[in-house]
Structure formats: structure tokens, C-alpha cells
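First comes the structure, then the notes that go with it.
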Amino acid sequence: MAGSGTAQLRSEKEALLRVEELVVEFPAPKGQKVHAVSNVSFDLVAGETLGIVGESGCGKSTTGRAILQLPRPTSGKVLFEGVDLTGLKGEELRQVRPKMQVIFQDPISTLYPRRTVGELVAEPLALWRIGTPAERTERARQMLAEVSLDYDDVSWRRPYEFSIGQCQRISIARALVLNPRIIVCDEPVSALDVSVQAQILNLLEEMKERYGLTMIFISHDLAVVKNVSDRLMVMYLGKTCEVAAAESLYTAPAHPYTRALLMAAVVSSRAVNRLPGAGLGAETEKETEMPSPIRPPSGCRYRTRCPRASERCATEEPVMRKIGEDHFVACHFPIRPPITPEAKAEGAWRGQPDESR
Amino acid sequence: MKELYGAPVSGPEGPFEMAVITATRAPSHLGGEMVAAPVESRPRARRWYHGLGWGFWLATGIVSLWILLALFANLLPFQNPDTLQSSCFLNASPSAAHLLGCDQDGRDILSRVVFGSRVSLVVGFASIALSLLVGGPLGLLAGYFRGGFDELLSIVANVFLSFPSLVLALVVVAFLGNSEFDITIIIAIVAWPLLFRVVRATTIEYAQRDYVLAARALGATTPQVLWRYVLPDVVPSAITYGLVGVALAIVAEGGLSFLGQSVGPPIPTWGNMIAAGTESMPQYQSLLLSPAIAMFSFILSINYVGDRLRRRLDLRSAL
Amino acid sequence: MTRGRQLRQIEEREGQPLLSVEDLRTYFKTGHGIVRSLDGVSFDLERGKTLAVVGESGSGKTVLARSVMGLLPSENVIRQGSVRFGDVDLTRATPAELRQLWGAQISMVFQDPVTSLNPVVRVGRQLTEHLAYHLGMNRKEARRTALSLLRSVGIPEPEARLRWFPHQLSGGMCQRVVIAAAIACGPKLLLADEPTTGLDVTVSAQILDLLGRLQEERYMSVILVSHDLGVVSGRADEVIVMYAGQIVEQAPTAAIFSDMKMPYTEALLRSVPRLTNQAHTRLPTIPGTPPNPAALPEGCRFAARCPYVQPRCRTEPPPLREAGPRHRFACWYPVGSPEALQALEANKAAGLPAAKAAV
């Protein structure tokens, strides 16, 4: 898996955001390093939503924050509108910030408890000294209405008087006040109940349409990500496993880890989705957990859990390669790519392991 | 357990939390599109000064009384603390003319205690203000930026803290002298590392909050982040610790002047009065007890005020 | 397992369910009035069956689990109703009796495995102390049993793990240890309160499989509390759906998904994002939020958010009615009935937002 490589990148002119060989490392005790993100590359075309999926510790949130330079990545390039953000100095970087906004998992803790909701939504304008106080209030009123909140009812209250779902609406309103081009959604619905989750997902979709946003949507929930994303990127232990159009990833996952994730998601929701349940694929994941990011396995980082792992996986790191139309995988032994439309329809990932490569 | 709308929830932990979380949810408009909009009006969050208890207000009263006495001692009908009162020769023990009696030099103890508070209070407040002025900004910057700057300052602070403070103070007295100004400087030198550490620790705690990250993502400049998001939480805790620091500084000044190393006679200070009192016991009990009780009442009160405030502010920040 | 000094055996009566909860109510007194967290809940559970309790936060599912256990605080709580566990009424049991039952006959697995283990005690001792207390085992026996327990919950290298501290284990491993402790004395009933909520999907699937296997091997009854219908779907015999402190529907698992009667169940299922959905699919939502438990509405508690709502719903609380074998629901206009369709059409025509959102 879990490979490097840049085959999945599209041409530099197309991309609004282009992340090349991103590396984020944190110091760990005894002079060791946490390899949070290692050599991850991806890009976004304007108006597109990229979903980043993976389990906790796979580096998906770190990737999201590294794009925003919070903190700055250890190495790699983050090209936004052709400018490399990693090379920008403090003030130059700050000038770019309004164009890239972020929505966090826990909205209550990201809203400053000493401010009222009205102040919070107008805050970005105040920080940038845009408009008069009256104009800022007007803009806050408008943005709160966009997220179905009534300014007169909510503006004088403080965040802790609201439910999590309502706080998430407030932070979405605040993120949109500055008219950003890109929004990084870092697990925006993970703390929410199912019914509220649906409200927030719909709201994000609406806002994306209305403001022509480009989105990075980070989540551990494959079903949630698939509902909002055009393209999906699967991450494992700081590496990219697979990048593909959402539909193609679902119908024909090529990476064993993608398939394991899909199987877990399908099993847990098969009754909900009324999918056939039993006999999903012949291989099951070895029952072990993710290794430590301080000492990741050599070669392919997924090999310790991978049912297909061989000696080659320990010595040689797989590199991203194209296996289909807008479908890239980093694996030495990918699951048979669907060649015929029939195989695609049947869902090749439920089929037999593939011995040929 | 969260404190809701300022009212502490009396009740059990655990399963109760579920109920409480829902209780914060507002009933929606009947199936309306507006999602938040709680219909009923709720009490606003309690002000910080509500529910501190009568003890807090009593203590605040005592502290204020001493501060007012010290400020306006000249204007109030006290006898001159430095001159010999003829009435003392007739009766040195407490009487209508001298409520707390006279000392061995025939001076009025009450007025000496009141005037003596001036040195203690000025030294106490000024030295802590000076420490905050030095330690506060350094602590804020060290706590926010961390890294080498923080390490360097922490080492310096630790070096100061590792000296026995009394020895350090005595050494500095020998260099500087023992005027009121000198004593203030000396106590500030001993006290700033403590306030530096308090401010630094609080800053570290608040600078890691998610809303600081969110503000940086919105493009807030570092001064804006510090001013708008970090300082409002650091200042109250610095002030409450400062109040406790004032008490310690007054004790320190008292200690120094007891040893004769602070502002000396004839200017009265609580410390040098206590020192004089110990020499003249048991004839002049009032000479020892009056300044001791004065000092005790002030220190106990200011400690209590600081402690109550700190607890209240901690609770608010936990919200 | 019956030779323990402190082990209290319960008598199971022939033809009676293992657990029988009747009209259970748990109210909390707060500064905002009385919060009715659990309001008249009744159900039975047979030995060897799995019952899933599903609801959103604030629905009272966690309070239900703790009320069944008798794990409620003693102050500011009003309790009513009965919980019969074999021949014991748990609501009347003394604290000493409860302590003998907890861990031995009824066990609980909590949401956060890391905080349910003592952080300064090695994993091995946490297990062996438990065994010594309830089963009166000596050290050697207890250690041997602890090893086999760890093995049975799928922990690799159990000998080494006995010497570890909880913080050295991952969340999934911790939850396995907690489960090992919970099943150590062979309980007849296991309550699992959101056992996989903090865990990753693949790990969560492993833990749920493990619970299912242990339940079969040991012939336990399991109450699986979760906010996620998907999690429980394949693992429970029956599902209870809770809303605002009450059971709104109880049915065999298959019926909940294919033949739900309560509009809330239907709306909840519809709002789950599906893997089969195309990108940018708008999900059907439930508008609004659950009612304030300190000020509950008079009629049906779901009325304000319901697409089928009719005037009657706002005044008369619907009782639990039978819809088939072991299938109960509380609604005046059950999903799929002609009256419900009529009601929905009328609401759509009247422009009720809930009706629009549900389409």
C-alpha cells in the first residue's frame, strides 16, 4: 500500500490546490519521530470535493492542517493557486488565509466561549478590519440566515447555550463570512447524532453549491464521505493507499485496505442499506491493529495486516500507479481491476483474490 | 459536569449528563426551518460576582478598609504617629484617648498601626505590580511561542527560584539599601519568577485551545490572537495569583523589617513595630498584638479574596 | 463457577424471561425542574438473546442501561418501576446485594475502555482481583483463568500483556480487556453501553464480532446500547428504538428495517448516509431537535418533527400497540397505513417543513 508517488496528480494548470510529497513529522520522546504523514500527494480541481478516509492515526487530520500550515509541514509543497504556501513568510501566508477555511470536529471548543454568537460570526471581518461594525452585523445576520439561524434569536447567546449541531452551523457561518475558495472539513459530523448529521451534510452541500466551494472532506466514515465527495483518497498510517473517483472506489476497490474498510462499513450498515450481507469476499483482514507511527513497518505500511502481503511488500514500497480511469493505487498485489462493465457491475471487490498482477 | 447558563447543576454525575445535554437544546419552532432559535427566554449567564458568599465580601471589606486607611491616614483624625503624646505619660494602657494604648516612646499605637500599613501596603502592591509587569509579558510570550525563548527564560526563572529567597533579599539589601523603593525592588526580584511561571502555565493551557487554532486559521495576527483570545483568560488568573502574591510580599516585608533590614524606625511599619513589641513584652502587650493582628487581618483577607476569585474563574473557564 | 464464596446465584424460573423490566421511570431533579430521562419503559429479555437499544443522545438509552444495573446516584433521583432479574428485583436490592450481583451475574462494558480500567494497576491484577473476589480463586488459579480469558477475547501474547498497564494498550485492546473482566465470572446478562463508539470501524467490527461469539459460547443475554442503527443491525435479535425517554418501537431486527411502523424509526433510517448513494446526494432529514426533557410536550413527543403529524398527535400520547409477533410501536398514524399516507399528503399540501424534508 501505503505508497508514495505522484501518478494520481493531474496537470498543474487544472489544479486549484496541489499537494506534493507532503511530510509531517512530530518529535517523540527519546529522539524518535512520529511519522504522521509521509509523502502524500494529491490535488483538487476547483469546485471538486475530495474525501479523505482512514482510521484514527492515519494522518488524515494532520494532512488537512498541514495544508493550512497549522503547523507547517516538515517538507513537501502545498501549491494553492500556483503559489507554494510552505515558502510563504508569516504575513504573506496570513494574506492567503481568508481563502482557505476550516471546519473542525468539535464546534463548541472552536467557538470562543467569551463571545456571543453575533460577535463570533462577525469576528473574521473584525480581524481583517473589513467594514464598519454595522456592516459586519449585517453580514453576520445574512450568514446566520444562510445556515437557518435567526440573528435576533441567537446573536446575544454564547456558544455553550447551543447543541453541537447548532454550534456546527455557527462555525460554518463563520467560515463562510470571508468568502473562502477552499474549505477543509475536518470530521465535521463525527460528533453529531444521525439526524443532525444529515442536516449538516445537506447544509454543507448547499453552501458548496451556492458559494462554488472546493472542499476537502475528512472523515473516518466511508458512507458519509462517499455521499459528499467526487474523489476519494484512502489513507493508512501516514500514506496514501488509493485515490479514485468515488463511484469507482466503491464498486472496484483495488487496495486490500480499502476493501477492508468497505467491508466493515458494509457489514455495519448492510441492513440499513439492504445489501446482501454474507460471504463478502474470501479474504479477511488479519486481526491486528495499526502499528505505531513512530516505527512504521518497512516497505508497504499495511503489510502487517494485509492478507495479501508477501516478502516483496516488506522490502519494496509500492508506488502509486494508474489502474483505471481516474483510479490509482499503491499496492504490489491490487485486487483485480474490473476490466469489463459486467465485472464492474458485479462489484469485483466481493470476488476472488487475484493471483496475477 | 457543565455549568449551564451560569446556574450550577445540583445533581449526580454520569447518566445525568445525557439529560443535561438535552436540556441545553432548545425546543424548535414547530417543525420550522429555523433550527436553533430557542423560544423561551433564559436567564443570562450569571455575573462573575454572583454567589461568592458573605465571607468574600467581608474579606473584601477588610482589604478595602485597610487600603482606604492607608491612603487617607493624613486626612483622618489620627494623632501624629511620630511625636510623643503627653497624655501617654499619665496612662500608657488602652484608654479613650489612645484606643490601643501607647508604646514605650509615648506614641499612639493606633495611629502607628494605621500609618505603618502604608509601607506594608505600598511595598506589597508595588512589588507585585512590578513582578507582573516583568513576569507577565515574559510568561505570555514564553507560553505562546514556546521553543528556545521559553527554555531560556524558564532556566533564568528557575535560577532565581533556586536561591533561598531570604538570603537573596538580604544580599540585595546590602547592595541597594533599605528604603521603601529598594525593598519593593528586592521583593519584585524574588517574586517575578513565580508570576512568570503562573502566567506561562496559564498561557500554555489556553493557547492550545481549539478556538486559538480556529482564530489563526481565520487569519488572526499573533497580537490579535494574544489580545483577543489568550489574554482575557490569562489576566484574571494572573490577578488572582497576584493578590496572593501581595500577601506574601507583605509577609516578606514584615520579615525583613523584623530583622531590621527594611524601612527602619522612626517610620512605622508593621514589621518593625512587631520587632519593637517583642522586645518590650510583657508590659506593652498592645505594642506587639496590634500590628500583628493588623497584618494578620489584611493577609488573611487578601488571601481569601484571591482564593475565592481564583476558584470562581477556574470554574468559568472549565465551562 | 458456583463454588465462589461471595458468588450469589440467581434462580431462573422456568418459562420466565431472564430480565423483565416493567414501567421503569428515572427522573432527575435539577435546577430546571424535573428531567424525565426515562419515562415508563417495559421490556423482557430471554436468556441467550441480544437486545439492542438505539436512540440519539438524550433519548435515555444510557440512563436505561444504568437504571437496569442499579447504577444510579442516590441523590436527586426519582425511581419507579421494577427490574426483575431472575428471582431478584434489582430496584429493591440492597447495595450489598447489588455488589454481589455486579460483575458476577450482571456485567457492564462502558463506552470508554481506557477510563473503565484503573490506570495504575497492571492488566493482570485487575482481572485476578476480580476473580479472587467473586469466585474465591487462589492466585495461581486466578492467573490461569485470566490468561485463558485474555486468549478468549483475542489478545495476542496474553502472558506478556498481563504485566502491562492500561495506557500501554490501544483502545481496541483495552476494550477487549474490559470485556474479559466483564465475562470473567460468567454473567448471565451483559450490558454494553456504546462499546465501540470511540473505536475505528475495523476494530469496532472485531469487538462486536467478539461480543457475539462470547454470547453464543457462554449463553449470555446481551443488551447492546448504541446510537448507531447500523452497528446493531447484524448483531441483535431485537431492537428497541428510544425517543425522549420512551420506547417508540420494539421489533425483531429484520422488521425494524423492513417493516417499521414508527415515523421516527423511518426518519432515522432514512437519514443515514448510504454507501450506494451518488456523490452530492441530499439526505432526508428530521428537522428540529428532540424536546427538552424538563418540558416535554403533552401528546406524542415526536409530533413537532413528524411528517405525518395530525392534531390528535399533539394532544393524546399514543400507547404502545402490537403490530405483530414481538413488534410494538407507539404511533397513531403508523408508517405504511392508509391513514398515514393521507396525513402525509395533507401535510405536504399544507407545506409542513417536516413533510417536505422527509421526501
Side-chain angles (χ1 to χ4, degrees), chain A residues 49 51 54-58 148 163-166 189 192-202 205-206 208-209 220-232 245-247 250 257 260-275 277 285 287-290 292 305, chain C residues 54-59 154-156 169-173 196 198-206 208-210 227-236 239 253-254 256-258 264 267-290 305 357:
Chain A
T49 301
E55 298 179 286
S56 55
C58 73
S148 303
S163 68
I164 312 177
Q166 291 165 343
V189 294
L192 306 176
D193 273 319
V194 182
S195 68
V196 186
Q197 168 177 292
Q199 293 173 4
I200 298 294
L201 287 175
N202 284 357
E205 283 290 296
E206 250 162 59
K208 178 185 152 74
E209 241 169 53
H220 66 276
D221 189 330
L222 202 56
V224 166
V225 173
K226 182 160 182 285
N227 263 265
V228 297
S229 306
D230 303 296
R231 249 181 150 210
L232 293 180
E247 214 43 48
Y250 169 67
Y257 179 64
L261 271 183
L262 265 169
M263 274 172 60
V266 169
V267 168
S268 85
S269 63
R270 77 173 169 231
V272 179
N273 294 326
R274 302 206 188 125
L275 289 171
E285 203 175 34
E287 259 201 41
T288 50
E289 290 174 17
M290 202 184 277
S292 157
R305 289 168 79 179
Chain C
V54 178
E56 298 185 87
S57 53
S59 63
I155 289 183
L169 298 168
S170 69
M173 284 296 159
T196 61
L199 305 175
D200 284 323
V201 271
T202 52
V203 180
S204 152
Q206 292 165 11
L208 289 166
D209 289 344
L210 168 71
H227 68 282
D228 188 345
L229 262 169
V231 161
V232 302
S233 61
R235 271 118 182 156
V239 178
T253 309
I256 275 282
F257 293 107
S258 58
Y264 175 65
L268 201 61
L269 279 170
R270 281 187 173 170
S271 59
V272 176
R274 288 157 200 226
L275 272 172
T276 44
N277 284 356
Q278 294 292 321
H280 313 302
T281 309
R282 296 294 152 85
L283 297 160
T285 59
I286 312 176
T289 49
R305 306 171 74 188

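In what follows, chains carry the letters A, B, and so on, assigned in the order in which the sequence lines appear, proteins first and then strands, with residues in each chain numbered from 1. Any value given below was found using the heavy atoms of this structure, including those in side chains, with hydrogens, waters and symmetry copies removed. Since we're looking at a predicted model, the values are computed, not measured.
At a 4.5 Å heavy-atom cutoff, the contact between A/Q197 and chain C is made by side-chain atoms alone.
Interatomic distance, C/R282 CZ to A/E209 CD, rounded to the nearest 0.5 Å: 4.5 Å.
The backbone N or O of C/L283 sits less than 3.5 Å from a side-chain atom of A/N202, completing a donor-acceptor pair. Judged purely by atom type and a 3.5 angstrom limit, C/N277 has no side-chain atom pairing as donor or acceptor with the backbone of A/N227.
Residue A/A198 comes nearest to C/P284 through the heavy atom pair CB-O, 3.9 Å, listed as atom of the first residue, atom of the second, then distance. In terms of heavy atoms, A/Q199 sits closest to C/G288 at NE2-O, 3.4 Å. Closest approach of A/S229 and C/A279 over heavy atoms only: O-CB, 2.9 Å.
Evaluated for a side chain to side chain contact (heavy atoms under 4.5 Å, CB included) with C/P273, the options A/L222, A/V224, A/D221 yield exactly one hit, A/V224.
Between C/H280 and A/D230, the closest side-chain pair of non-hydrogen atoms falls below 4.5 Å.
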